[in-house]
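Report on the following structure.
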Amino acid sequence: MSTLTADSRLAHAAEFISLEADLLDQYDYQSWLALWVEEGKYVVPVEPDEQNFEDTLNYAYDNAAMRDMRVRRLTSGESMSASHSARTLRNVSRFRILGTEANGDLRVRNAQTLIEYKFDRHRSFAANVEWVLRPNGARLQIVQKVVRLINGGDSLTGLTFLP
Amino acid sequence: MKHQDYASLVKKDRVHTALYTDPAIFEQEMERIFKSTWVWVAHDSEIPNKNDWISTHVGKEPVIVNRDKNGTVRVMLNRCRHRGATICEKKKGNSPGFVCPYHAWTYGVDGSLKGLPLPKGYKDFDKSDYGLIQLRVESYNGLIFATFNEDAPPLKEFLGRARPWIDLFMKQGGGYPVKTLGEHKFNFPGNWKIQLENTTDAYHFPVVHKSFLSSLDGDTEELFSFMDAGGYVEDLGNGHSVMVMIPELVDLEEDLDQPIPERFAELAEELRKDHSEAEVRRIVRAVTGSGFNVNLFPNLACSMAFFRVLRPLSVDETEIRHIAIGMDGGPAAANRMRLRLHEHFQGPMGFGTTDDAEAWERVQRGAQAGEDDVWIMLNRGEDKTESNAGDVTAETGMRAAYQMWKEVMTK
């Protein structure tokens with residue numbers, strides 16, 4: 001059970017989310033995988049407001065096995081787009097605690113602006129990111145990460161990184 | 001460019017790089033191809049009810065596809081007859097008419113101009129002169145096509161020998177009508193024909209999609225290792241072709257007594273709660289999708305388990321949609337599996353599409369070199385004949401599409 005105050009919970013979540021962003025920007029996928037609880041879900045829905053991920057089409061709807069496979073694909077050298085992957089830089093901000101579940105899980109939302117650089121050009125991807133984070137001792141773990149791209153459903157480009 | 005010049009750019013076994021890079025050729029393609037042949041616009045299930053509409057494009061022109069109150073499917077230019085504003089900016093909706101947001105000219109679902117504010121400001125104004133501009137519309141087995149060309153042959157004739165393949169493809173409804181389940185849309189900086197070729201290119205699969213193959217279980221990986229599995233490519237006429245990759249998945253209503261593959265065991269168990277064994281087998285086999293791609297000139301492919309739609313944006317920019325399909329009214333568990341399979345390969349984060357997109361972009365970048373005297377080669381493999389089952393990696397489908405390109409561009 002968390003004994004953190006509201007303000008420190010927010011600071012704790014913000015610190016954790018910044019860490020997650022840094023791991024992905026640094027391609028440290030093994031450390032990223034270790035942030036998750038086993039049953040965690042990584043979701044990038046097509047429609048920005050989607051609630052029913054299971055019965056609708058997503059860009060990614062990953063359980064632990066799919067996350068492992070995705071990381072393997074990005075790091076194996078077998079994928080031409082991943083071998084020549086984009087550099088990314090994300091800014092995460094506007095953190096807000098949306099609520100706390102009975103079991104202590106935190107629901108958090110933040111803004112994410114991701115700049116991709118590849119093929120001599122910059123592209124930007126803006127998203128609202130919604131989290132379910134589980135306090136586990138002094139650390140947090142990811143139960144759910146939902147990346148709601150503001151241009152979800154419209155035309156994207158091939159993504160060689162994890163938003 | 002003169003007609004004979006277009007003809008000189010397409011030989012039997014190669015095409016000139018200018019077909020990817022010349023903006024003037026692109027503008028002519030929009031006129032001679034996308035304004036003269038049948039272009040796919042929608043699937044029936046996208047507008048199931050009266051007054052349903054979607055907004056999309058035919059070539060570069062925005063259109064509304066709707067089902068009017070009598071059930072007639074219409075395709076109309078998405079521009080008000082007054083000052084040209086788009087009537088619909090949302091992707092889809094259901095409404096008893098269309099109102100232009102600029103000056104409130106109001107149209108019926110049949111496209112007729114019903115009314116406008118302050119009509120006294122016009123003299124000798126006949127509303128019947130100002131209906132929304134309508135395209136010719138015909139459909140085949142749920143696929144809706146439109147054309148600007150009043151003289152185009154009937155759709156049935158245009159599709160010709162592709163029709164039986166479309167019928168086979170639709171068997172993946174598993175006893176239910178096929179329904180669209182959402183789509184992945186993305187752009188790539190390259191010419192539209194690079195994508196047109198790709199749906200009939202088996203040769204790239206084990207190379208570009210090695211990481212996808214590695215992510216599959218053993219049986220599925222074997223299924224997708226179709227380089228030497230009896231597949232072939234056939235020219236179906238009018239630029240259409242079929243590439244059969246997995247011959248045992250050509251007719252999804254055959255071989256229903258075969259054992260259910262291990263990867264579908266859990267799904268089959270779930271389905272058995274509400275379905276007979278015969279239904280379970282039919283649904284499970286349908287979930288796999290078809291073992292072939294039907295490439296329809298110029299913009300649609302019925303590709304294994306989804307619709308691939310291309311839209312040219314400029315000579316070096318193309319929009320692709322991968323539309324997921326499933327069973328209308330079918331079991332939720334089966335449709336969920338279809339969605340997860342689609343997500344695995346397709347779309348901006350798919351294990352397959354991202355590598356395809358990278359390859360296509362590299363073609364466009366590489367095609368900037370040696371444009372004047374280096375050609376794009378399409379000379380791989382012999383065409384299928386009666387006696388020769390052929391080669392799944394033959395570039396027959398590309399040759400078929402480019403011969404149609406040549407025919408239409410030099411008409």
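Each chain gets a letter, A, B and so on, in the order its sequence line appears, and its residues count up from 1.
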Just checking [X]: does its [atom1] atom have more than 12 heavy atoms from other residues, nucleotides or ligands closer to it than 6.0 angstrom?
X: A/Arg96; atom1: CZ; answer: no
X: A/Arg94; atom1: CZ; answer: yes
X: B/Tyr203; atom1: OH; answer: no
X: B/Glu262; atom1: CD; answer: no
X: B/Glu221; atom1: CD; answer: yes
X: A/Glu39; atom1: CD; answer: yes
X: A/Lys118; atom1: NZ; answer: yes

Measuring heavy-atom distances to chain B, does [X] have an atom under 4.5 Å in its side chain, in its backbone, in both, or in neither?
X: A/Ala82; result: backbone
X: A/Ser79; result: both
X: A/Asp154; result: both

How close do [X] and [Y] get, heavy atom to heavy atom, and via which atoms?
X: A/Pro163; Y: B/Met349; value: CD-CE, 3.5 Å
X: B/Leu181; Y: A/Leu57; value: O-CB, 3.8 Å
X: B/Lys91; Y: A/Gly152; value: NZ-O, 4.5 Å
X: A/Glu78; Y: B/Ser211; value: OE1-CA, 3.5 Å
X: B/Glu343; Y: A/Thr56; value: OE2-O, 3.6 Å
X: A/Met69; Y: B/Ser215; value: SD-O, 3.0 Å

*Based on non-hydrogen pairs under 4.5 Å, which of B/Arg365, B/Gln346, B/His342, B/Arg338 is most in contact with chain A?*
B/Arg365
Can you tell me how far apart [atom1] ([X]) and [atom2] ([Y]) are? Round to the nearest 0.5 Å.
X: A/Leu159; Y: B/Thr353; atom1: CG; atom2: OG1; answer: 11.0 Å
X: B/Glu358; Y: A/Ser83; atom1: CD; atom2: OG; answer: 8.5 Å
X: A/Met80; Y: B/His204; atom1: CE; atom2: NE2; answer: 10.0 Å
X: B/Glu317; Y: A/Ser155; atom1: CD; atom2: OG; answer: 8.0 Å

*asked:* Between A/Met66 and B/Phe351, does the side-chain contact (heavy atoms from CB on, under 4.5 Å) criterion hold? Intermediate values first, please.
replied: CA-CA 11 Å; A/Met66 273 296 281; B/Phe351 284 32; 4.1 Å; yes
_I'd like to know if the side chain of B/Asn187 pairs up with that of A/Thr157 as donor and acceptor (distance under 3.5 Å, no hydrogens or angles considered)._
no
*So which part of B/Arg362 gets closer than 4.5 Å to some heavy atom of chain A, the side chain, the backbone, both or neither?*
side chain
*Given that the side chain runs from C-beta out, which part of B/Leu339 has a heavy atom under 4.5 Å from chain A: side chain, backbone, both or neither?*
both
*So, B/Arg340 side chain and A/Glu54 main chain: donor-acceptor pair closer than 3.5 Å or not?*
yes
*If only atom types and distance count, is the side chain of B/His184 paired as donor or acceptor with the main-chain N or O of A/Gly153 below 3.5 Å?*
no
*Against chain B, work out which of A/Asp55, A/Asp68, A/Thr160 has the most heavy-atom pairs shorter than 4.5 Å and name it.*
A/Asp55
_Taking the basic N atoms (NZ, or NE/NH1/NH2) and the acidic carboxylate oxygens, is any pair closer than 4.0 Å for A/Glu47 and B/Lys92?_
no
